[in-house]
Undergrad: 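Below you'll find the structure I mean.
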Number of protein chains: 2
Amino acid sequence: MKMHDRKLKILYAIVKDYIETADAVGSRTLSKKYNLGVSAATIRNEMADLEELGYLTQPYTSSGRVPSDSAYREYVNYIMALKKKTSQRKHDIESNVASKIGEMRELLHYSSKILSEITSYTTIALSPHIEGCRVESIQFVKISSEMILAIIVTDTGVIRKPVFRIIGGIDSTTLQKITNLLNYKMKGLTLREVEQLLLREINREASELEKATIKVLPELLKTLEKIDEYDIMFNGTANIFNFPEYNDVVRAKAFFSMLEKKQAMYNLIAAINNDGISISIGKENDFDEAKECTLITATLKNDGNIVGWLTVIGPTRMEYTKVLKDIRYVSAFVNELMNHKY
Amino acid sequence: MKMHDRKLKILYAIVKDYIETADAVGSRTLSKKYNLGVSAATIRNEMADLEELGYLTQPYTSSGRVPSDSAYREYVNYIMALKKKTSQRKHDIESNVASKIGEMRELLHYSSKILSEITSYTTIALSPHIEGCRVESIQFVKISSEMILAIIVTDTGVIRKPVFRIIGGIDSTTLQKITNLLNYKMKGLTLREVEQLLLREINREASELEKATIKVLPELLKTLEKIDEYDIMFNGTANIFNFPEYNDVVRAKAFFSMLEKKQAMYNLIAAINNDGISISIGKENDFDEAKECTLITATLKNDGNIVGWLTVIGPTRMEYTKVLKDIRYVSAFVNELMNHKY
DNA sequence: TTTAGCACTCGACGCATGAGAGTGCTAACA
DNA sequence: TGTTAGCACTCTCATGCGTCGAGTGCTAAA
């Protein structure tokens, strides 16, 4: 759908102005503020057309116009295209930050906090399920008479360290044997496959060694089922109140209720799977509560595997240009750090 | 300060009514709703006295009365005294829940979630700094060529599992030797003492073994410094909107901004150190942002050591009776579970 | 095709008004 | 002496009304 150049210009100006002011924008203001080269009346005609095309809405008869989701989409496509032409600049790594980060999850939390601070939006840090990852190594460490720590490292560098309990305890030698056995059998399998393997082993007639093992396996299985938990964290939630659209208590409450639905938030964000930045606007979001929000998400990958998502969330009237710049910066930083360390 | 019985009765009735309705309560309503045996005019006289004593305030001339912090305090002392007379009932442990909980921190998170659900308030789960705890054991596990996992178990059962990196790597035998050495030297010391010991060792002329160690120690020290992190988590934050006092966007924003000041929240809650339930009302809170809130906090102890806090936060107009009952229930449950496992 | 002009629409804001809830004070009562 | 009824007064809040202004659609002229 190719629009006349002037129509697009006007559309972009409306979106830009609305992002800035959060007020319905009228033809007169537009012609004064932006140098469009035509009079307010002409703009009025174009606006009527744009409304018919579904890009604008009127809150009430004879008020100014407000951009629709499609208008934002059009605008975003436009600035995304612009950005591609400019070269990606290199980012320096602040080494003191780098040294503080031991694990992927910490890195994610930290960068989400930074992102929230520089954008003044609410941000979400999300780490993925790991059921699809392959096991690099499994180790067990006895930490008290009955408690055992399992250390599971995946090929993507994700580490999980669940603690579980063996009633009656188990001696170190046996534990070492089990470690060796499991490592031998499970290396390279996905967590899902490990679970199935464990199930089979549990139900099998057991040899001498396996008799000791049998005590550990059901506990390990139980632990594995729960270990595969994503992790979601929010930063700068109070920032949402900076937007006039959330000056209404009902909408603010809805926003926070939405954040609390963690499973739904996970599904919303984890649906994204590319290595760059992805934007979903308003009704494009497949989650009712989020249909008045825009989410800008950076997918973080290491070696082709998703290791997390970094999301900025706000009203559809989002400062796309600024937020895009910031999220690009932070995610590039994280990526560089990651490739350095793992 | 011993007050006339009738005055107290009226005061309690006012507090109770205000907790229920969030509206300034007048003499007429009071005499109709509660069976106080005196007329509205008498109540008016008593109310005037109570106002003079600082228990009531008037939002504006000739409006109803609103309880002050001292009124809530009086009321809380009253119901706390009542409670002590009734016997603590035994709580059953739901074993399926118990089996899901591997670590203290998980237990804390989980119970905070439950608490928020049953009270319909916002809850805070807080786990303490561990610098005061004594080291029970330190272990190292190699998880990749350069990454090492340290497992530190304290005498209170808290487990920390920081990952750090040794550039150039280290072989397993040396690592095992270091583990043995550190365990021998550090068992029973506090984390603070361990840090000092490490510093001394780093600066000392080293023997053969210690030459290998010297590579690990600075990294370990750095890791230890950052490991001593409390952990704070919120549940049911959207519940705050259920209270009319937060129907004002400015106050709601202030509430969420307060929650985001994690260090201050830690200080606020961690100041409490007893084994039961503690209530701090409005201006009693030593943190400006919280001066319009009441916090009811259960300190969770294991073997005399604080392992966490469970807090319900809401307006000073809190349903004290109900919330007290609920937090007692949940914290008793957690305590029982803890003593079972650790 | 663009622009100027004009009548019209609708929300925001300010102001007045009245209802209602609650008070303090006074005088009468037990 | 303590309690109650009555009354005038106060203050908030909801409602209604009129004005203002930004913005529109339509029409006719350039």
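Each chain gets a letter, A, B and so on, in the order its sequence line appears, and its residues count up from 1.
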Undergrad: What is the distance, rounded to the nearest whole Å, between atom CD of A:E46 and atom P of D:dG23?
TA: 18 Å
Undergrad: Sort and list the pairs that fulfil salt bridge (charged side-chain N to carboxylate O under 4.0 Å, His left out) and have at least one residue in residues 256-267 of chain A, not counting sequence neighbours.
TA: A:K261-A:E289
Undergrad: Under the side chain to side chain contact (heavy atoms under 4.5 Å, CB included) test, which residues partner A:A252, sequence neighbours left out?
TA: A:F241, B:F241
Undergrad: Quick check on the helix from C:dT1-D:dA30 to C:dA30-D:dT1: what's the angle between its two end axes, five base pairs per end, to the nearest 10°?
TA: 20°
Undergrad: If you look only at distance, which donor and acceptor atoms sit under 3.5 Å apart when one is on a side chain in residues 18-30 of chain B and the other is two or more places apart or in another chain?
TA:
{"unit_1": "B:T21", "atom_1": "OG1", "unit_2": "B:D17", "atom_2": "O", "d": "3.0"}
{"unit_1": "B:T21", "atom_1": "OG1", "unit_2": "B:D23", "atom_2": "N", "d": "3.2"}
{"unit_1": "B:S27", "atom_1": "OG", "unit_2": "B:R44", "atom_2": "NH1", "d": "3.2"}

Undergrad: Please list all pairs passing the ring pair (Phe, Tyr, Trp, His ring centres under 6.0 Å) test where one or both residues lie in residues 261-281 of chain B, with sequence neighbours left out.
TA: B:H129-B:Y266, B:Y230-B:Y266
Undergrad: To the nearest angstrom, how far is B:I43 atom CD1 from D:dG2 atom C1'?
TA: 15 Å
Undergrad: Would you say the side chains of A:T57 and A:S68 form a donor-acceptor pair under 3.5 Å?
TA: no
Undergrad: To the nearest 0.5 Å, what is the distance between CZ on B:R65 and CE on B:M47?
TA: 5.5 Å
Undergrad: To the nearest angstrom, how far is B:D5 atom CG from D:dG2 atom P?
TA: 17 Å
Undergrad: State the CZ-CG distance between B:R6 and B:D49, to the nearest 0.5 angstrom.
TA: 9.5 Å
Undergrad: Atom CG of A:D23 and atom P of D:dG21: how far apart are they, to the nearest Å?
TA: 17 Å
Undergrad: Is the count of non-hydrogen atoms from other residues, nucleotides or ligands lying under 6.0 Å from A:Q263 atom CD greater than 12?
TA: yes
Undergrad: With a cut-off of less than 4.0 Å, is there a side-chain N or O of A:R6 near OP1 or OP2 of C:dT1?
TA: no
Undergrad: Within the 4.0 Å limit for protein heavy atoms, which parts of nucleotides 17-30 of chain C are touched? Write it as a string from 5' to 3', B for base, S for sugar-phosphate only, - for none.
TA: -----BBB------
Undergrad: Distance check needed: D:dT3 C1' versus B:D49 CG, whole Å only.
TA: 14 Å
